[in-house]
Amino acid sequence: MAVPAIRVAALTKRYGDLLALAGIDLEIGQGEFFGLLGPNGAGKTTLISALAGLIRADSGTLEIMGHDVTAASHHARLKLGVVPQELVFDPFFTVREVLQFQSGYFGIRGNDDWIDEILHRLDLHPKANANMRTLSGGMKRRVLVAQALVHRPPVIVLDEPTAGVDVELRQSLWRFVQKLNADGHTVVLTTHYLEEAETLCGRIAMMKAGRIVALDTTANLLSSSTTRSLKVRVAQPAAALALGGMAAGDWVEFGLDDPATVETLLARLRETGAGVREIAIGEPDLERVFVEVMHRA
Amino acid sequence: MPDPVRVSPFIGFRTLLHKEILRFWKVGFQTVAAPVLNALLFLLIFSHVLDRHITVYGDVPYTAFLVPGLVMMSLLQNAFANSSSSLIQSKITGNIIFVLLPPLSCRVFYAAYVLAAILRGLLVAAGVWLVACLFVAAPLAQPAWALAFAVLGGALLATFGIIAGIWADKFDQLASFQNFIVMPLTMLSGVFYSIHSLPPLWQRVSHFNPFFFMIDGFRYGFFGQSDASPWLSLAVTGSCLIALAALTLVMLAKGYKLRG
């Protein structure tokens with residue numbers, strides 16, 4: 001049986017009175033596209049920092065491709081690429097220099113072919129010789145992705161890589177990451193864009209206050225939600241909204257905690273003269289599941 | 001799965017050293033030319049005021065005496081500035097992460113930062129010496145001694161710079177290292193005077209200042225004579241370097257203020 005790409009066991013980390021990680025247990029298999037979700041302060045970045053060796057956990061074990069991040073840090077770090085959340089860069093150097101240095105830090109010489117390929121795939125080639133200071137925020141974000149990939153790590157962690165990124169870059173970035181995942185890389189993603197996680201991730205962990213409060217495949221998480229919605233297209237939207245609906249484009253949407261309330265709701269819409277023209281039942285999305293899980297936890 | 005890559009730890013060291021050298025070289029006017037100019041201003045002003053009034057070691061003119069002191073002072077200050085400023089900038093801007101994520105050992109990290117800082121110190125020192133030679137004859141009587149103290153002194157201050165860069169969280173904390181430790185110890189080390197011109201008490205106090213031994217030993221390389229034995233100066237400088245290097249390696253191994 002293949003070793004897990006990431007194995008976390010009983011991991012704790014405390015900052016003063018704050019318990020940032022309260023005994024995390026987690027296994028991520030090789031080749032997975034895994035989502036790590038949670039509100040700000042849930043412990044996602046702390047967990048990633050511990051994986052990357054940027055912080056030392058108080059207790060517990062962390063392994064990357066079977067290598068302990070403390071006892072075998074050299075091997076563990078070779079297997080991991082991290083795209084940090086903050087838009088950090090070195091203002092002294094060009095994009096190509098930055099990538100050559102990063103490659104060298106990992107002990108790799110003569111890596112120019114791969115660097116050129118990354119530059120092309122991330123549409124960075126026209127900026128290869130530009131100083132980092134002159135790049136837009138989106139371009140700097142692409143360079144961070146390139147830096148994480150320069151040593152061809154089998155495990156890639158992306159910590160909110162699309163925060164503040166325009167739609168075009170977001171889409172091209174996901175195409176690239178999906179290609180990497182198809183090539184065999186394990187991808188771990190944290191994001192606040194839940195529709196991205198729903199589309200991309202095969203399995204998801206949700207964190208709150210340093211604990212994992214939900215862990216399952218995306219499909220199972222979605223089917224676990226009991227909450228559906230009733231969507232109606234009406235002649236008089238104001239009348240429907242007055243009944244507690246939420247505008248969603250041409251539609252008005254009502255949450256359904258109990259499917260039996262559909263008939264009651266439709267009757268009230270008729271009474272108010274909203275003029276129902278079209279009806280649809282909305283399936284739960286990850287955002288709704290996320291809210292439910294966070295309320296339960 | 002992508003092809004595995006061949007890796008070598010020596011390449012990590014070479015790359016970090018190259019990056020650190022390029023970092024100061026790209027702003028060479030600020031990091032090399034400006035310190036050379038500063039040292040020359042000291043030389044011109046002090047020699048103009050004092051050259052006719054003071055001789056040292058019997059018949060050495062004051063301006064010639066001043067040259068090795070200024071050369072070494074520039075070397076030490078710039079070695080300190082290089083490692084400390086590189087680290088504090090990387091910490092504050094956050095790009096320190098790029099050298100913390102890869103598998104660079106603490107020895108590689110230490111050696112690359114120290115060597116780059118020594119190189120900057122030597123470049124500044126060479127610049128000060130060469131330009132000073134336009135104004136005054138300052139030949140090297142014992143070049144091996146001069147080189148030994150230049151390298152060891154540069155390594156010592158580069159190491160101290162790493163400690164300061166790691167410890168400081170803000171630029172003003174780092175500036176306090178420069179202004180309240182490096183600068184006073186340099187100025188009171190005999191750059192501008194022979195300690196034999198001091199009262200006995202202050203001569204004894206000077207022997208507790210490691211900067212005195214670095215500069216005095218370096219000066220021996222120029223004149224073949226010095227206030228203290230060059231072997232004693234070498235022992236003090238070497239001991240201080242070993243102690244600070246050990247402390248720095250422990251800090252790096254523990255990830256002190258670098259890995260939370």
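Note on naming: letters A, B, ... go to the chains in the order of the sequence lines (proteins, then strands), and numbering restarts at 1 for each one.
The side-chain hydrogen bond (donor to acceptor under 3.5 Å, both in side chains) analysis of residues 110-129 of chain B, with sequence neighbours excluded, yields the pairs B:Asn78-B:Arg120, B:Asn82-B:Arg120, B:Tyr110-B:Thr159. Counting only residues at least two apart or in different chains, ring-ring contact (aromatic ring centres under 6.0 Å, His included) contacts with residues 115-147 of chain A comprise A:His120-A:His125.
One finds the CD atom of A:Glu86 at 11.5 Å from the OG1 atom of B:Thr93 (value rounded to the nearest 0.5 Å). How far CZ of A:Phe106 is from CG of B:Leu101: 6.0 Å, rounded to the nearest 0.5 Å. Interatomic distance, OH of A:Tyr105 versus CD1 of B:Ile11, reported as 14.0 Å (0.5 Å rounding). The line from CD of B:Gln89 to CZ of A:Phe92 is 4.5 Å long, rounded to the nearest 0.5 Å. To the nearest 0.5 Å, atom CD1 of residue B:Ile96 and atom CG of residue A:Asp90 are 10.0 Å apart.
Heavy-atom pairs under 4.5 Å with chain B were tallied for A:Gln100, A:Gln102, A:Arg77; the largest tally goes to A:Arg77. For the set B:Ser105, B:Ala112, B:Pro102, B:Gly12, the count of heavy-atom pairs under 4.5 angstrom toward chain A peaks at B:Pro102.
With a threshold of 4.5 angstrom between heavy atoms, A:Glu97 approaches chain B through side-chain atoms but not through N, CA, C or O. Heavy-atom distances place no part of A:Tyr15 under 4.5 Å from chain B, backbone and side chain included. Heavy atoms of B:Leu258 lying under 4.5 Å from chain A belong exclusively to its backbone. With a 4.5 angstrom heavy-atom cutoff, A:Phe101 touches chain B via backbone and side-chain atoms both. Neither the backbone nor the side chain of B:Val108 has a heavy atom closer than 4.5 Å to any heavy atom of chain A. For a residue to count as touching a neighbouring chain, one of its non-hydrogen atoms must lie under 4.5 Å from one of that chain's; by this rule A:Leu144 touches chain B with the side chain only. Contact annotation for B:Lys19: both backbone and side-chain heavy atoms come within less than 4.5 Å of a heavy atom of chain A. Using a 4.5 Å cut-off between heavy atoms, A:Gln147 touches chain B through its side chain atoms alone.
Taking a 6.0 Å sphere around NZ of B:Lys257, one finds it holds more than 12 heavy atoms contributed by other residues, nucleotides or ligands. At most 12 non-hydrogen atoms from other residues, nucleotides or ligands lie less than 6.0 angstrom from CZ of A:Arg211. Residue B:Lys26 qualifies as enclosed at atom NZ: its count of foreign heavy atoms under 6.0 Å is above 12. In this structure, A:Lys208 places its NZ atom where more than 12 heavy-atom neighbours from other residues, nucleotides or ligands lie under 6.0 Å away. Few gaps surround CH2 on A:Trp174; more than 12 heavy atoms of other groups in view lie less than 6.0 Å from it.
Residues of residues 45-58 of chain A placed with any heavy atom under 4.5 Å of a heavy atom in chain B are listed by number as A:Ala52, A:Gly53, A:Leu54, A:Ile55, A:Arg56.
The backbone N or O of A:Val88 lies less than 3.5 Å from no partner atom in the side chain of B:Asn95, so there is not a single donor-acceptor pair.
The side-chain hydrogen bond (donor to acceptor under 3.5 Å, both in side chains) check on B:Thr237 picks up nothing, with sequence neighbours excluded.
In plain terms, the two heavy atoms of B:Thr15 and A:Gly104 that are nearest each other are OG1-CA, 3.2 Å.
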